[in-house]
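Working notes, beginning with the structure itself.
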Amino acid sequence: MTIKLYNTLSRKKEIIRPQKEDLITMYVCGPTVYSHPHIGNARAAIVPDILFRFLQTKYSQVIYIRNITDVDDKIIEAAEKENTSIDKITNKYTEIYKNNMSGLGILDPTYEPKVTEKIPNIINSIEKIIKNGNAYVSESHVLFNTKSYDSYGQLSRKKLDEMIDGARVDVASYKKYPGDFILWKPSIGDSPGWKSPWGKGRPGWHIECTSMVKDVLGDDTTLDIHGGGNDLIFPHHENEIAQGNCMSKKNYCNHWFHNGIVLVDKKKMSKSLGNVILVNNLLKKSNKNILRAALLSTHYRQPLNWTKKTLSNASGLIQRLSSSIEHEKQETLDSTALDEISDILSDDLNTPEAFRYLTGLAKHAKRNKNDRYALMQSSMLLGIDLNHTTEEPDITDELRDKIETLLTKRSKLRNSGQYDEADTVRQELSDLGVSIEDSSGKTTWKIDADK
RNA sequence: GGCUAAGUGGCAGAGUGGUAAUGCAGCGGCCUGCAAAGCCGUCAACGCCGGUUCGAUUCCGACCUUAGCCUCCA
């Protein structure tokens, strides 16, 4: 089977063609660890997660690299603001990022390099670019010479001179040309820095990714797939391509994919609007399955508009899927069950279409074992585990006792036909945020998601 | 201003050159002591204006609107 994925370079869906038959390589820009991950970070992680899961079903080896940026001006600011050290900030937020992502069921990448651990490689990469005549040293900075690279602008389809004309920012004195970007910059005072041929300093933003790709795969290799949020197309990925192609004779990367932005009520999230939605908070009031459904029910290239109804829509969808196989025991699943969902995903990761397929299966899953298997296994490919939707909620023993007492009380009242009194008890439970269901002689309860 | 995308029912969101999936919500029914859940049924949409075509929501062009990038934002 072939997998088609939209390639930002050509603006077309293209068949993924790895250079080796059984091995495929992918790199995705990871987080800068200075604050809590928000829903946009989650989307940028879950889209490659789906691709990663899918590729693993098709190739015997998938190398997936996602970096952690732990040197950055914003980190330095955050450390000052929280009155602590840079290490503490980056360790804290790296931990939170990892917890949040695993809370969303996002698989760990094969490699997860940190910038601070790769400084020697980065310096080495910069030296190569200088040596090849594509970068220059100026006032303790190293700058990439964009004029020396003819194809600059190929990804974002921008013309360098036009960009410069429209720019609103003053040109730094150390730049030969306004479009040049920083590979290495000096660290002044006690800001973090490393010894280098150009003095104490730290890497520019773009070089870390290029350097890590080359570090893991080797200089003379071409990356198969590179992804990230579409706000990274320019300048970040454009610059990566320039650097990568000037470091080695091999093409930097063949296939670029970009996920759309997350909007909140059709507006971009920003601290000033106070509409930033954090993964932490979502995980508290919802669960992995629902959040994944919410993030994946929009095609990855489209903007995802997050509204008040997003979670309840997704919750209904998951409810619909899981109700058909609730209480199902884990059974060995048939490998051909994945054929149809693979077909759907192989057309540019069409996850909304995948959900349509899943709901179709759910219709017959109660009676048809094959459909039930296909539903469970196909959902798993999206990282949705329908077998674990009835997990015990995390509540205090005290509350649990109280709920049990009320349930017993109501049950007795119902058995003796005192329905008005039983309904009063149900209301008491509802006030505690507990909703109940009587089905086939048993009463089950759950904590309401929004309480 | 330049570049890049997008506008589908109440909400969300696929898809297609021949009259448009799916989920949520709504409505009706079955079930239930009543609810809930489930099941069955049902209402309802292709921004605007031209062009190409036997036929356009789909292709082309203009316009309007929205969003992103051009500022080390995923």
Side-chain angles (χ1 to χ4, degrees), chain A residues 8 11 28-32 37-48 69 71-75 153 155-159 161-169 179 181-182 185 203-206 208 227-236 238-239 258-263 266-271 293-294 297-299 301-321 323-324 326 344 347 350-360 362-363 366 413-415 417-420 422-423 426-427 430 435-440 443-446:
Chain A
T8 310
R11 315 271 158 158
V28 168
C29 295
T32 302
H38 54 64
I39 190 74
N41 299 307
R43 192 182 197 198
I46 201 171
V47 169
T69 300
V71 195
D72 182 90
D73 289 349
K74 288 192 300 263
I75 296 172
L155 181 71
S156 56
R157 308 213 167 178
K158 289 174 186 294
K159 293 203 168 57
D161 291 336
E162 283 175 6
M163 278 188 288
I164 304 307
D165 291 345
R168 298 167 189 157
V169 186
F181 59 90
I182 291 175
K185 64 178 163 184
W205 176 34
H206 317 293
E208 61 183 72
N230 70 4
D231 50 353
L232 294 181
I233 293 173
F234 190 89
H236 185 53
E238 195 68 63
N239 292 353
H258 292 94
N259 63 270
I261 199 163
V262 177
L263 303 172
K266 307 224 168 181
K267 293 208 171 92
K268 186 176 174 172
M269 275 187 282
S270 70
K271 281 182 184 165
S297 59
T298 300
H299 184 88
R301 281 195 280 127
Q302 299 287 78
L304 167 55
N305 187 27
W306 196 269
T307 68
K308 276 181 183 167
K309 286 186 166 179
T310 302
L311 280 182
S312 62
N313 282 355
S315 166
L317 174 58
I318 291 299
Q319 173 69 32
R320 181 164 190 83
L321 298 181
S323 68
S324 60
E326 238 170 340
I344 292 166
D347 183 12
N350 195 341
T351 52
E353 181 67 14
F355 282 114
R356 186 208 53 75
Y357 166 65
L358 295 179
T359 54
K363 262 189 180 174
K366 265 188 176 152
L413 290 167
R414 287 180 74 217
N415 288 339
Q418 294 170 275
Y419 294 118
D420 285 351
D423 288 350
R426 179 163 60 199
Q427 185 56 49
S430 170
S435 59
I436 57 176
E437 281 177 34
D438 303 318
S439 62
S440 51
T443 300
T444 56
W445 60 274
K446 65 180 180 192

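Residue numbers begin at 1 in each chain, while the letters A, B, ... track the order of the sequences. Everything numeric here is computed off the predicted structure, so don't read it as measured data.
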Pair assignment for B:C34, Watson-Crick or G-U wobble, requiring both distances under 3.5 Å | none

Give none if B:G28 has no partner; otherwise give the nucleotide forming a Watson-Crick or G-U wobble pair with it, both distances under 3.5 Å.
-> B:C40

Using Watson-Crick geometry (N1-N3 plus N6-O4 or O6-N4) or G-U wobble (N1-O2, O6-N3), each under 3.5 Å, B:A5 is paired with B:U66

Could you give the NE2-to-P distance, from A:H258 to B:A5, as a whole number of Å?
-> 13 Å

B:G23 versus B:A37 - spacing of their P atoms, nearest Å = 16 Å

Would you mind classifying the nucleic acid contact of A:R43 as base, sugar-phosphate or nothing, using non-hydrogen atoms under 4.0 angstrom?
-> nothing

For A:T359, report the nucleic acid contact type (base, sugar-phosphate, nothing); a contact means any heavy atom under 4.0 Å.
-> sugar-phosphate

Respond yes when some side-chain nitrogen or oxygen of A:K446 is under 4.0 Å from OP1 or OP2 of B:A37, and no when none is.
-> no

Is there a side-chain contact between A:E208 and A:T69, using heavy atoms and a 4.5 Å cut-off?
-> yes

Given atom CG of A:L232 and atom C1' of B:A74, what is their separation to the nearest angstrom?
-> 6 Å

Paired nucleotide for B:U57 [Watson-Crick or G-U wobble; both distances under 3.5 Å] = none

For B:G41 versus B:U57, give the span between their P atoms, rounded off to a whole number of Å.
-> 30 Å

Write down the distance separating the P atoms in B:C30 and B:G10, rounded off to the nearest Å.
-> 29 Å

What pairs with A:A45 under side-chain contact (heavy atoms from CB on, under 4.5 Å), at least two apart in sequence or on another chain?
-> A:R66, A:Y97, A:M101, A:I106

In whole angstrom, give the distance that lies between atom CG of A:L317 and atom P of B:A21.
-> 18 Å

Please tell me which of A:V262 and A:I233 maps to the more 5' nucleotide of RNA chain B, matching each residue to the nucleotide holding its nearest heavy atom.
-> A:I233

Length of the CZ-P vector between A:F234 and B:C70, whole Å | 8 Å

Quick one: CD1 on A:I39 to CD1 on A:I261, what's the gap to the nearest 0.5 Å?
-> 13.0 Å

Distance below 4.0 Å between A:R301 side-chain N/O and B:A6 OP1 or OP2 = no

What is the distance from NZ of A:K308 to P of B:A25, rounded to the nearest Å?
-> 18 Å

Report yes if a donor N or O on one partner sits less than 3.5 Å from an acceptor N or O on the other, where the partners are the side chain of A:R426 and the base of B:C34; otherwise report no.
-> yes

B:G17: pairing nucleotide in any strand, Watson-Crick or G-U under 3.5 angstrom | none

Between the protein and nucleotides 8-15 of chain B, list every N/O to N/O distance that falls short of 3.5 Å.
residue : atom : partner : partner atom : Å
B:A12   : OP1  : A:N305  : ND2          : 3.3
B:G13   : OP1  : A:T298  : OG1          : 3.3
B:A14   : OP1  : A:H299  : N            : 2.7
B:A14   : O3'  : A:N350  : ND2          : 3.4
B:A14   : O2'  : A:E353  : OE1          : 3.0
B:G15   : OP1  : A:N350  : ND2          : 3.1

Is there a donor and acceptor pair closer than 3.5 Å between the side chain of A:N239 and the base of B:C72?
-> no

Calculate the interatomic distance between A:L155 atom CG and B:C69 atom C1'; express it in whole Å.
-> 12 Å

When rounded to the nearest Å, what value does the distance between C1' atoms of B:A62 and B:G47 take?
-> 14 Å

Working to the nearest 0.5 Å, report the span between CH2 of A:W306 and CE of A:M269.
-> 9.5 Å

Report the base-pairing partner of B:A12 (Watson-Crick or G-U wobble, both distances below 3.5 angstrom), or none.
-> B:U22

Just say parallel, tilted or perpendicular for the rings of A:H206 and A:H236, cut-offs at 30° and 60°.
-> tilted

Do A:R414 and A:D423 pass the salt bridge (Lys or Arg N to Asp or Glu O under 4.0 Å) test, and can you show the C-alpha distance, the side-chain angles, and the key distance before you say yes or no?
-> CA-CA 9 Å; A:R414 287 180 74 217; A:D423 288 350; over 6 Å; no

Could you measure between the two C1' atoms, the one in B:G15 and the one in B:U22, and give it in whole Å?
-> 11 Å

